[in-house]
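Report on the following structure.
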Amino acid sequence: QVQLVESGGGLVQTGGSLKLSCSVSARTIRMAWFRQPPGKEREFVGAFYWYFRSTYYADFVKGRFSISGDDAETTVYLQMNSLNSEDTAVYYCAADVDYRGRYDEAGAYEYWGQGTQVTVSS
């Protein structure tokens with residue numbers, strides 16, 4: 001069983017930055033961030049592969065967000081810059097241990113964190 005714990009959410013003004021963290025209790029193949037805006041479905045934000053340190057992002061990120069992981073492979077980060085009101089959402093960290101499914105599909109990830117709220121005010 002893999003446990004994920006997100007932190008770093010909060011209230012930020014438009015144009016501001018926020019860095020989310022996700023601690024993971026065991027080795028995984030890849031990690032991802034998803035988000036669920038109010039009244040909308042969950043959507044893919046970005047993915048991170050530990051072995052190659054490669055990253056993939058949703059189009060709406062447009063260079064504003066970046067994902068990284070620590071050397072111990074225990075924490076993955078989501079750095080968010082130039083935030084706007086459309087980024088308001090609950091952000092979820094997810095982990096995949098058996099490498100099946102596309103990196104941008106929620107079903108590819110077996111383990112999920114509890115979510116952390118990000119609110120961007122104008």
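Side chains included, hydrogens not; waters and symmetry mates left out as well; all remaining heavy atoms used.
At a threshold of 4.5 Å between side-chain heavy atoms, the hydrophobic network of Ile, Leu, Val, Met, Phe, Trp and Tyr places Leu4 and Phe48 in one connected group. In the hydrophobic clustering of ILVMFWY residues, with side-chain heavy atoms under 4.5 Å counting as a link, Leu18 and Val76 come out together. A continuous path of ILVMFWY side-chain contacts below 4.5 Å connects Val120 to Leu78, so both sit in one hydrophobic cluster. Note on Val12 and Val61: same hydrophobic cluster, where clusters join Ile, Leu, Val, Met, Phe, Trp and Tyr whose side-chain heavy atoms are under 4.5 Å apart, directly or indirectly.
Not counting sequence neighbours, the partners of Ala26 by the side chain to side chain contact (heavy atoms under 4.5 Å, CB included) test are Val2. Under the side chain to side chain contact (heavy atoms under 4.5 Å, CB included) criterion, Val90 pairs with Tyr92, Gln117, not counting sequence neighbours. Judged as a side chain to side chain contact (heavy atoms under 4.5 Å, CB included), and not counting sequence neighbours, Asp59 has no contacts. With sequence neighbours excluded, the residues that form a side chain to side chain contact (heavy atoms under 4.5 Å, CB included) with Tyr56 are Tyr49, Ser54, Tyr103. Contacts of Arg42 classified as salt bridge (Lys or Arg N to Asp or Glu O under 4.0 Å), with partners at least two apart in sequence or in another chain: none.
Here the straight-line distance linking atom CZ of Phe65 with atom OG of Ser82 works out to 9.0 Å at 0.5 Å rounding. If you take NZ on Lys19 and OG on Ser66, they are separated by 8.0 Å, rounding to the nearest 0.5 Å. In this structure, CZ in Arg30 is found 6.0 Å from OH in Tyr99, a value given to the nearest 0.5 Å. Going from atom CD of Gln36 over to atom OG1 of Thr88 covers 13.5 Å, rounded to the nearest 0.5 Å. To the nearest 0.5 Å, atoms CE (Met31) and CD1 (Ile29) are separated by 12.0 Å. The distance from the CG atom of Leu20 to the CD atom of Glu6 is 8.5 Å, given to the nearest 0.5 Å.
Counting all heavy atoms, side chain and backbone alike, Ala89 lies closest to Arg35 at CB-CB, 3.9 Å.
Counted within 6.0 Å of CD on Gln3, heavy atoms from surrounding residues, nucleotides or ligands total 12 or fewer; the atom is thus considered open. For Phe60, the CZ atom counts as densely surrounded, since its 6.0 Å shell holds more than 12 non-hydrogen atoms of other residues, nucleotides or ligands.
Within the structure, ring pair (Phe, Tyr, Trp, His ring centres under 6.0 Å) pairs that include any residue of residues 19-43 comprise Phe34-Phe44, Phe34-Tyr109, Phe34-Trp112 (at least two apart or interchain).
Gln1 has its side chain within reach of Tyr111: a pair of non-hydrogen atoms, C-beta onward, lies under 4.5 Å apart. Residues Arg64 and Asp87 have side chains in contact (heavy-atom distance under 4.5 Å, counting atoms from C-beta outward).
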**Report entry** CA sep, side-chain torsions, deciding dist, call: Tyr57, Ile67, side chain to side chain contact (heavy atoms under 4.5 Å, CB included)
**Finding:** CA-CA 9 Å; Tyr57 299 100; Ile67 299 175; 3.7 Å; yes

Query raised in the report: Which is it for Ser21 and Ser7 under the side chain to side chain contact (heavy atoms under 4.5 Å, CB included) test, yes or no, and what are the steps along the way?
Result: CA-CA 5 Å; Ser21 301; Ser7 62; 3.7 Å; yes

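Of the possible polar contacts, none joining the Ser17 side chain to the Asn81 backbone as a donor-acceptor pair under 3.5 Å is found. In this structure, the side chain of Thr14 engages the main chain of Ser121 through a donor-acceptor pair within 3.5 Å. Remark: side-chain polar atoms of Glu110 are paired, donor with acceptor, to backbone N or O of Val97 under 3.5 angstrom.
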